[in-house]
Amino acid sequence: MIDTTALTTRKILARVNTQDTISVVMVTAITLVALIAGVLIRNAAESRTRNYTDPAGVTVQYPDTWQLDTSSAAQGTLTMRDMQAPGFPTTFELRRTVVDPNATDTAALSSVADTLAINRGRNSTAFKLFNVTPSQSVKGLPATKANYVYVKVPSGILQDNLPAVVLGRDYLLRKTDKVYTFSLQAAQSNLEQAAPLFDKFVASAQLP
């Protein structure tokens, strides 16, 4: 005699397994679609830019969704931050420093780079400067490139954020009696995504 109960059980189990497999596939597909849609939406938002012109006539373009800080614009510093970046807000800065017009390009660029390194060393944890590279031209101007790293330690005992390893990149450009310093600072995990945006930021700048 055939055990119909056993057959029925196997059919039920087979049906359940098939349904589970279909459910897993559907959930996976929905998750992938959501992730892809999120990336496309973020990329579309970052492709939109805003223009800003400071009191000295410097014009830059930055991602539309970023926060612009002009509190130090009169002193020659602009700051843009991606407050949605995980770990540490990805930051672009543009500084304008007046230098001796009679100084050589090398001397003027080195002086500004040294001052920046000293200030960062005093105001950050585990700051280290590396890969300082003189460049013949950025935007057609004499330039120096530098990379650095430091640890951002949250202020306050009750801060939920953990310390973040921040990687930095500077492009210093000499134009007559001024050195313009373009800076990128990003958490280690965000640098690869931020670098192309930073290059666009530098390329967009119009220097008087």
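Since the model is a prediction, treat every value here as computed from it, not as a measurement.
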Short side-chain to backbone donor-acceptor contact, Asp170 and Ala113, under 3.5 Å: no
Check step by step if side chain to side chain contact (heavy atoms under 4.5 Å, CB included) holds for Arg169 and Leu191. CA-CA 10 Å; Arg169 180 175 300 170; Leu191 184 65; 4.2 Å; yes
Please confirm whether Lys145 makes a cation-pi placement over Tyr171, using NZ or CZ under 6.0 Å from the six-membered ring centre and within 45° of the ring normal. yes
Applying side chain to side chain donor-acceptor pair (under 3.5 Å) to Thr59 and Thr53, what does each step give before you reach the verdict? CA-CA 4 Å; Thr59 298; Thr53 301; 2.8 Å; yes
Hey, are the side chains of Thr77 and Arg96 touching, using non-hydrogen atoms and a 4.5 Å cut-off? no
Using the rule that Ile, Leu, Val, Met, Phe, Trp and Tyr join whenever any side-chain heavy atoms are under 4.5 Å apart, tell me whether Val112 and Tyr180 fall into a single cluster. no
Return yes if some donor-acceptor pair links the side-chain N/O of Asn190 with the main-chain N/O of Ala186 below 3.5 Å, else return no. no
Between Tyr150 and Gln185, is any side-chain donor less than 3.5 angstrom from a side-chain acceptor? yes
Report whether Leu68 and Phe88 are members of the same hydrophobic cluster (ILVMFWY, side-chain heavy atoms less than 4.5 Å apart, transitive linking). no
Between the main-chain N or O of Thr104 and the side-chain N or O of Arg174, is there a donor-acceptor pair closer than 3.5 Å? yes
Please lay out, stage by stage, how Phe127 and Val149 fare under the test side chain to side chain contact (heavy atoms under 4.5 Å, CB included). CA-CA 6 Å; Phe127 174 81; Val149 62; over 6 Å; no
When rounded to the nearest 0.5 angstrom, what is the spacing between NZ in Lys139 and CD in Gln206? 7.5 Å
How long is the gap from OG1 on Thr49 to CE on Met80, to the nearest 0.5 Å? 11.5 Å
Shortest non-hydrogen separation from Ala56 to Pro208 and the atoms involved: O-CG, 3.5 Å
Is it true that Phe198 and Phe130 fall in one hydrophobic cluster, defined by side-chain heavy atoms closer than 4.5 Å? yes
Quick one: pull up CG in Asp54 and OG1 in Thr70 and give me the separation to the nearest 0.5 Å. 10.0 Å
Within a 6.0 Å radius of atom CD on Glu192, are there more than 12 heavy atoms belonging to other residues, nucleotides or ligands? no
Looking only at the side chains, is there a donor atom on one of Ser183 and Arg120 sitting less than 3.5 Å from an acceptor on the other? yes
Is the Phe92 ring parallel, tilted or perpendicular to the Trp66 ring (thresholds 30°, 60°)? tilted
Drop me the distance from Asp64's CG to Arg50's CZ, to the nearest 0.5 angstrom. 4.5 Å
Do Val138 and Val60 belong to the same hydrophobic cluster, where Ile, Leu, Val, Met, Phe, Trp and Tyr are linked whenever their side-chain heavy atoms lie under 4.5 Å apart, directly or via other members? yes
Closest approach of Pro89 and Ala85, non-hydrogen atoms and distance? CA-CB, 4.3 Å
Hphob cluster co-occupancy, Leu94 + Val179, side-chain heavy atoms under 4.5 angstrom: no
Can you list the steps and then say if Asp69 with Arg81 is a side chain to side chain contact (heavy atoms under 4.5 Å, CB included)? CA-CA 8 Å; Asp69 181 356; Arg81 296 185 180 92; 3.7 Å; yes
Would you confirm whether Ser111, through its side chain, and Ala107, through its main-chain N or O, come within 3.5 Å as a donor-acceptor pair? no
Decide yes or no on side chain to side chain contact (heavy atoms under 4.5 Å, CB included) for Asn147 and Leu167, but give the supporting numbers first. CA-CA 8 Å; Asn147 294 290; Leu167 298 181; over 6 Å; no
Is any side-chain heavy atom of Phe201 less than 4.5 Å from a side-chain heavy atom of Leu184? no
For Arg122, is there any backbone N or O sitting under 3.5 Å from a side-chain donor or acceptor partner on Ser124? no
Atom pair CG/CG of Asp114 and Leu109 - distance to nearest 0.5 Å: 10.5 Å
Separation of Lys178 NZ from Leu141 CG (nearest 0.5 Å): 13.0 Å
Please determine whether the number of non-hydrogen atoms from other residues, nucleotides or ligands lying under 6.0 Å from atom NZ of Lys200 exceeds 12. no
Candidates Leu116, Val132, Leu129, Val166 - the one meeting side chain to side chain contact (heavy atoms under 4.5 Å, CB included) with Tyr148: Leu129
